[in-house]
Amino acid sequence: ILSSNKNNDIFIVTARTSRVEWNKDLFSVAEYLGVFKENIYFTEGSYKWEILQSLGIDLHFDDDREEIKLIRKNCPKMAAIQIYDPEFYD
């Protein structure tokens with residue numbers, strides 16, 4: 001759907017901590033998707049909406065219902081879409 005090759009800037013904003021040894025999977029997926037390391041942001045457990053807003057993000061996908069509610073409340077111009085992968089939660 002979206003690709004860095006189509007003039008879209010792709011970011012990863014995660015609530016994870018920035019400890020490199022805990023994020024090898026994240027960096028691997030980012031590399032596979034063509035997301036630059038400088039476009040990966042760690043909230044260290046805080047909510048994401050402030051970082052998303054400061055980056056001027058237009059569209060955000062998240063699996064956390066609370067994150068989506070806060071983004072919609074605090075960033076009304078941003079489209080926030082909740083995703084769900086049943087295999088991940090089973």
Nearest atoms (heavy-atom pairs only) where [X] meets [Y]:
X: Ala15; Y: Ser46; value: CB-O, 4.2 Å
X: Trp49; Y: Cys75; value: O-SG, 3.8 Å
X: Met78; Y: Ile71; value: SD-CG2, 3.6 Å

Task: Partner of Leu52 by side chain to side chain contact (heavy atoms under 4.5 Å, CB included), out of Leu59, Val13, Asp58, Leu70 - done: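 Exactly one option meets the side chain to side chain contact (heavy atoms under 4.5 Å, CB included) with Leu52, and it is Val13.
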If you measure from [atom1] on [X] to [atom2] on [Y], what distance do you get to the nearest 0.5 Å?
X: Glu67; Y: Thr43; atom1: CD; atom2: OG1; result: 6.5 Å
X: His60; Y: Gln53; atom1: NE2; atom2: CD; result: 13.0 Å
X: Thr14; Y: Tyr41; atom1: OG1; atom2: OH; result: 14.0 Å
X: Tyr47; Y: Asn74; atom1: OH; atom2: CG; result: 11.0 Å

Task: ILVMFWY network linking Ile57 to Ile12, side-chain heavy atoms under 4.5 angstrom - done: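 No, separate clusters.
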Would you be so kind as to tabulate the donor-acceptor pairs closer than 3.5 Å made by side chains of residues 21-32, with sequence neighbours excluded?
unit_1 : atom_1 : unit_2 : atom_2 : d
Glu21  : OE2    : Arg19  : NE     : 2.8
Glu21  : OE2    : Arg19  : NH2    : 2.5
Asn23  : OD1    : Arg16  : NH1    : 3.0
Asn23  : ND2    : Thr17  : O      : 2.9
Asn23  : ND2    : Arg19  : O      : 2.8
Asp25  : OD1    : Arg16  : NH1    : 2.9
Asp25  : OD2    : Arg16  : NH2    : 3.1

Open item on the list: Pair Ile10, Asn39 - check side-chain contact (heavy atoms from CB on, under 4.5 Å), show working.
Closed with: CA-CA 7 Å; Ile10 309 295; Asn39 285 4; 5.8 Å; no
TODO: Would you mind listing every salt bridge (Lys or Arg N to Asp or Glu O under 4.0 Å) that reaches into residues 74-83, with sequence neighbours excluded?
DONE: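 Residue pairs passing salt bridge (Lys or Arg N to Asp or Glu O under 4.0 Å), neighbours aside: none found.
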- [ ] For residues 40-55, pull every pair meeting salt bridge (Lys or Arg N to Asp or Glu O under 4.0 Å), keeping only residues two or more places apart or in separate chains.
- [x]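 Every pair satisfying salt bridge (Lys or Arg N to Asp or Glu O under 4.0 Å) with a residue in residues 40-55: Lys48-Asp62.
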